[in-house]
Novice: 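Take this structure, written in structure tokens, and hold onto it; I'll ask about it next.
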Amino acid sequence: MIAMKERKIPYKKVLLWSLGSCGLVIFLICMYGQPTFHWTRAASIISYMSEKQVSELNCLSRTHKLLNQKNLQKFAMSAKLDKAWRQYGEMHRLCSNGKNLKNVFLNRQRENNTCKYLVFLEPRYGLGNRILALVSAFMYALATDRVLLIEPKKLLEQLLCEPFPGSHWLLPRDFPTATIAKSPTLGAAIKAGYRNMDVVNLHLEHTHDWGDDEFLCDNTHQFLKDIRWLGWTLNQYYVSQLFMIPSLWECLDPLFPSKTEVFPQLARLILLPSNDVWKHIEHVYQDYDLDSMVQVGVQVRTLHRKNSEAFDPVIHKQIVDCLLMHKVLPDAKTQGNLSELPGIFPKKHGAWQVTEISVLVASLQVKYYDELKAFYRDNPSVHVHMVSHLGHQDKSVHQAHFAFLEMWLLSFSNVIATSAFSTFGYVAQGIGGLQPLILNIMGENSEHDGQPLCTVGQSSEPCTQFPLKPFCKATNTTVEHQNWISQHLNACQDDAGGLQLVESVKGPQ
């Protein structure tokens, strides 16, 4: 008999295969009797893989989320961000897993605990505002080594997976969040010289009090780093402002080589849809056969009007004229090969011949869908879809479910048209890393004399609509940082007073 050469068995690979196909029994049968097999080693691997498998089952979007994405390489994390994310996840596990966070908070003055926490207090505004505020909170937590925790019994709990495998960010239901919400503000902490401060609630909303704008001063963070519990009260996207703080800029800038892909990267880390939402996303995506054709997303939200939820035929015409003018959609009769439409097929598809386009309309008002579908009634090359038309905005879990579903579906678009000043649109374009066509449909004057129908977006990043304006007594800003700010922060196209991250400022838009 020829002697068999002993070889090492890749236990983890075999176990992954067996769990995914034939079960744990086959793994044990395969391994039993191998010279290098050890039961203790097997038990540790089984424990590790079981936790990983449970984590994946509890959050399908963690592994499935990019299956339908049309441009995968676009969202590859930099090596530095990948390392920072892994280190952050480990810190999050060490500081939250197996701990009674209520007791940790209540005993904060007595416990010898080096962990620092950031409690996200979910705002009362629409889902878009809540998501933008959450992403901003995570960015700050990442830059300052704080464990991000979110309030229970709110909308986001129903929509999102736990982003950190083996850990949890949801506070216990009896956690005293009201205590954090009523804690001293930054202004009060400054007046007290930060003495006897173990909790501070940061108020960064568009309406703020004295001292809140001191958040943008670098020396403020030298004091805040010693305060173990911070509250985070915000209703907008704040990441662009974090880059204005010198010490945070030094930490964050190397993680994001492309300044217009900050939100897309963060979204793929923490905006993971819950299983209910994700299954609904996949069902709609497959039902409409969106993967087999080019997708155009149209998000309609009319703001700053007496009746912002009513259909306006003038706005409908503006939207159609914009899409035709930019050659994103064909006219009502053009059929066959649509690959020559320069608004949608310049480089991405090469020689691929496109004969069908799917248009997904997201609006509270069904009439925008009805009218666009009627416009293409005699053109089988254009398929118009709508998932929901709830008529009016509320803060119910039911409506939030559909809103988050539509944000993700719109993010799969090749081209997206979003409504000016809409946080819903900001989230959709941000998840997809899409520079939008900005529909100028805000305000009572539907025709907007002298303004273009729509504007080509300068960035996929959301707009910080109400940025703080700091008046810091001392600044650590270097010439390099000042040049970076001039190069990568620009006024928003849909809000001249807003601030937006861009790849490069190109002068007046």
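The residues of the chain are indexed from 1 along the displayed sequence. None of the values given here were measured: they were computed from a predicted structure.
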Novice: Do T464 and S240 pair up side chain to side chain, a donor and an acceptor below 3.5 Å, judged on atom types alone?
Specialist: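 Yes, because at least one side-chain N or O of T464 sits under 3.5 Å from a partner of the opposite role on S240.
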Novice: As a quick check of understanding, evaluate side-chain contact (heavy atoms from CB on, under 4.5 Å) for F424 and T418, giving each step before the final call.
Specialist: CA-CA 9 Å; F424 185 115; T418 60; over 6 Å; no
Novice: Less than 4.5 Å apart, any side-chain heavy atom of L224 and any of L186?
Specialist: yes
Novice: Under a plain distance cut-off of 3.5 Å, with no hydrogens placed, do N201 and T185 share a side-chain donor-acceptor pair?
Specialist: no
Novice: In terms of the angle between their ring planes, are F466 and H206 parallel, tilted or perpendicular, with boundaries placed at 30° and 60°?
Specialist: tilted
Novice: Looking only at heavy atoms, which two atoms of A192 and M197 are closest? And how far apart?
Specialist: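 Scanning both residues completely, I find the closest heavy atoms to be CB-CE, 3.8 Å.
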Novice: If you take all heavy atoms of L468 and D213, which pair is closest and at what distance?
Specialist: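 Looks like CD1-CA, 3.8 Å.
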Novice: side-chain hydrogen bond (donor to acceptor under 3.5 Å, both in side chains), that's the test. Do E205 and T233 meet it? Break it down for me.
Specialist: CA-CA 7 Å; E205 295 180 308; T233 303; over 6 Å; no
Novice: Quick check: are there more than 12 heavy atoms from other residues, nucleotides or ligands sitting under 6.0 Å from CD of E480?
Specialist: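 No, the 6.0 Å shell around CD holds no more than 12 heavy atoms from other groups.
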Novice: Can you tell me how far the OG atom of S413 sits from the CD1 atom of I431, to the nearest 0.5 Å?
Specialist: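 Reported value, rounded in 0.5 Å steps: 11.5 Å.
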Novice: Taking all atoms of both residues into account, what is the closest heavy-atom pair of E406 and S388, and its distance?
Specialist: OE2-OG, 2.7 Å
Novice: Please name the pair of heavy atoms, one in S136 and one in L242, separated by the smallest distance, quoted to 0.1 Å.
Specialist: O-CD1, 3.9 Å
Novice: Check whether T220 reaches the backbone of E214 with its side chain - one donor and one acceptor, N or O, closer than 3.5 Å.
Specialist: yes
Novice: Look up atom CD1 in I438 and atom CD1 in I416, then write down how far apart they are to the nearest 0.5 Å.
Specialist: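 These two atoms lie 11.0 Å from each other.
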Novice: Is it the case that over 12 heavy atoms from other parts of the model lie below 6.0 angstrom from the NE2 atom of H389?
Specialist: no
Novice: Can a donor-acceptor pair be found, under 3.5 Å and without considering hydrogens, that links the side chain of Q493 to the backbone of Q458?
Specialist: yes
Novice: In chain order, what residues pass the ring-ring contact (aromatic ring centres under 6.0 Å, His included) check against H398, with sequence neighbours excluded?
Specialist: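 With sequence neighbours excluded, H398 shows a ring-ring contact (aromatic ring centres under 6.0 Å, His included) to F402, given in chain and number order.
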Novice: Is there a side-chain hydrogen bond (donor to acceptor under 3.5 Å, both in side chains) between S396 and D394? Walk through the geometry before answering.
Specialist: CA-CA 6 Å; S396 67; D394 59 37; 2.8 Å; yes
Novice: Would you mind checking if D198 and R228 are paired as a salt bridge, meaning a charged N to carboxylate O distance below 4.0 Å?
Specialist: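 No, R228 and D198 are not salt-bridged.
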Novice: Pair L156, L134 - check side-chain contact (heavy atoms from CB on, under 4.5 Å), show working.
Specialist: CA-CA 9 Å; L156 293 179; L134 176 63; 3.9 Å; yes
Novice: Hydrogens and angles aside, do S460 and Q429 bring a side-chain donor and acceptor to less than 3.5 Å of each other?
Specialist: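 No, no side-chain donor-acceptor pair sits under 3.5 Å.
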Novice: Establish, yes or no, whether a centroid distance under 6.0 Å links the rings of F215 and Y140.
Specialist: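 Yes.
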Novice: More than 12 non-hydrogen atoms from neighbouring residues, nucleotides or ligands closer than 6.0 Å to CG on N483, yes or no?
Specialist: yes
Novice: State, to 0.1 Å, how close A189 and V200 come at their nearest heavy-atom pair, and which atoms those are.
Specialist: CB-CG2, 4.0 Å
Novice: Whether R268 and E261 form a salt bridge (side-chain N of Lys/Arg under 4.0 Å from carboxylate O of Asp/Glu) is what I want to check.
Specialist: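 No, E261 and R268 are not salt-bridged.
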Novice: Using side-chain heavy atoms (C-beta onward) and a distance below 4.5 Å, is W278 in contact with R62?
Specialist: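 The answer is no; the side chains never approach within 4.5 Å.
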Novice: Which of these, K395, K154, R130, sits in a salt bridge (Lys or Arg N to Asp or Glu O under 4.0 Å) with E122?
Specialist: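 Considering K395, K154, R130, a salt bridge (Lys or Arg N to Asp or Glu O under 4.0 Å) with E122 is found only for R130.
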Novice: Check whether the ring centres of F120 and W169 lie less than 6.0 Å apart, and answer yes or no.
Specialist: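 That pair fails the under 6.0 Å test.
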Novice: Taking all non-hydrogen atoms of both residues, which atom of D212 and which atom of L204 are closest, and how far apart?
Specialist: O-CD2, 4.2 Å
Novice: Think K80 forms a cation-pi with W85, using NZ or CZ under 6.0 Å from the six-ring centre and within 45 degrees of its axis?
Specialist: no
Novice: Does S96 have any side chain to side chain donor-acceptor pair (under 3.5 Å) partners at least two apart in sequence or in another chain, and if so, which?
Specialist: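 Only H92, S167 meet the side chain to side chain donor-acceptor pair (under 3.5 Å) criterion with S96.
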Novice: Please work out whether the ring planes of W408 and F404 are parallel, tilted or perpendicular, with thresholds of 30° and 60°.
Specialist: perpendicular
Novice: Start with the C-alpha gap between S363 and Q299, add the side-chain angles, then the distance that decides, and say whether side-chain hydrogen bond (donor to acceptor under 3.5 Å, both in side chains) holds.
Specialist: CA-CA 6 Å; S363 175; Q299 181 259 337; over 6 Å; no
Novice: Between L499 and M244, is the side-chain contact (heavy atoms from CB on, under 4.5 Å) condition met? List the steps.
Specialist: CA-CA 11 Å; L499 199 63; M244 297 178 69; 3.7 Å; yes
Novice: Would you mind checking if K259 and D253 are paired as a salt bridge, meaning a charged N to carboxylate O distance below 4.0 Å?
Specialist: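 Here D253 pairs with K259 in a salt bridge, since their nearest N and O are under 4.0 Å apart.
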Novice: Whether the Y237 and E461 side chains hold a donor-acceptor pair (N or O, under 3.5 Å, no angle test) is what I'd like checked.
Specialist: yes
Novice: Test side-chain hydrogen bond (donor to acceptor under 3.5 Å, both in side chains) on S258 and E503; report intermediate values, then the result.
Specialist: CA-CA 7 Å; S258 172; E503 205 60 64; 2.8 Å; yes
Novice: Once you round to the nearest 0.5 Å, how far does CG of L132 lie from CD of Q236?
Specialist: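 If I round to the nearest 0.5 Å, the distance is 9.0 Å.
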Novice: Would you mind reporting whether L266 and F138 have side-chain heavy atoms less than 4.5 Å apart?
Specialist: yes
Novice: Should V277 and H401 count as side-chain neighbours, where that means a heavy-atom distance under 4.5 Å?
Specialist: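 Answer yes - side chains close enough.
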Novice: Tell me every residue that passes ring-ring contact (aromatic ring centres under 6.0 Å, His included) with F175, counting only those two or more places apart in sequence or in another chain.
Specialist: F105, W229
Novice: Compare all side-chain heavy atoms of H280 with those of V284 and state whether any distance is below 4.5 angstrom.
Specialist: yes
Novice: Once you round to the nearest 0.5 Å, how far does CD of E151 lie from CG of L121?
Specialist: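 Between E151 CD and L121 CG, I get 5.0 Å after rounding to 0.5 Å.
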Novice: Quick check for you: to the nearest 0.5 Å, what is the distance between S419 atom OG and L303 atom CG?
Specialist: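 Here the rounded value is 7.0 Å.
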Novice: Find out whether E309 and L364 are in side-chain contact, i.e. whether some heavy atom of one side chain is under 4.5 Å from a heavy atom of the other.
Specialist: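 In short, these two side chains touch, coming nearer than 4.5 Å.
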Novice: Answer with yes or no whether the side chains of E162 and N58 bring together a donor and an acceptor at under 3.5 Å.
Specialist: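 E162 and N58 do not have a side-chain donor-acceptor pair below 3.5 Å.
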Novice: Rounded to the nearest 0.5 Å, how far does CZ of R108 lie from CG of N103?
Specialist: 12.0 Å
Novice: Apply the test side-chain contact (heavy atoms from CB on, under 4.5 Å) to residues V199 and L230: give CA-CA distance (whole Å), side-chain angles for both, the deciding distance (0.1 Å), then the verdict.
Specialist: CA-CA 6 Å; V199 187; L230 293 180; over 6 Å; no
Novice: Determine whether the aromatic ring centres of residues Y426 and F421 are separated by less than 6.0 angstrom.
Specialist: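 Ring-ring flag for F421/Y426: false, centres at least 6.0 Å apart.
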Novice: Whether R93 and E90 form a salt bridge (side-chain N of Lys/Arg under 4.0 Å from carboxylate O of Asp/Glu) is what I want to check.
Specialist: yes
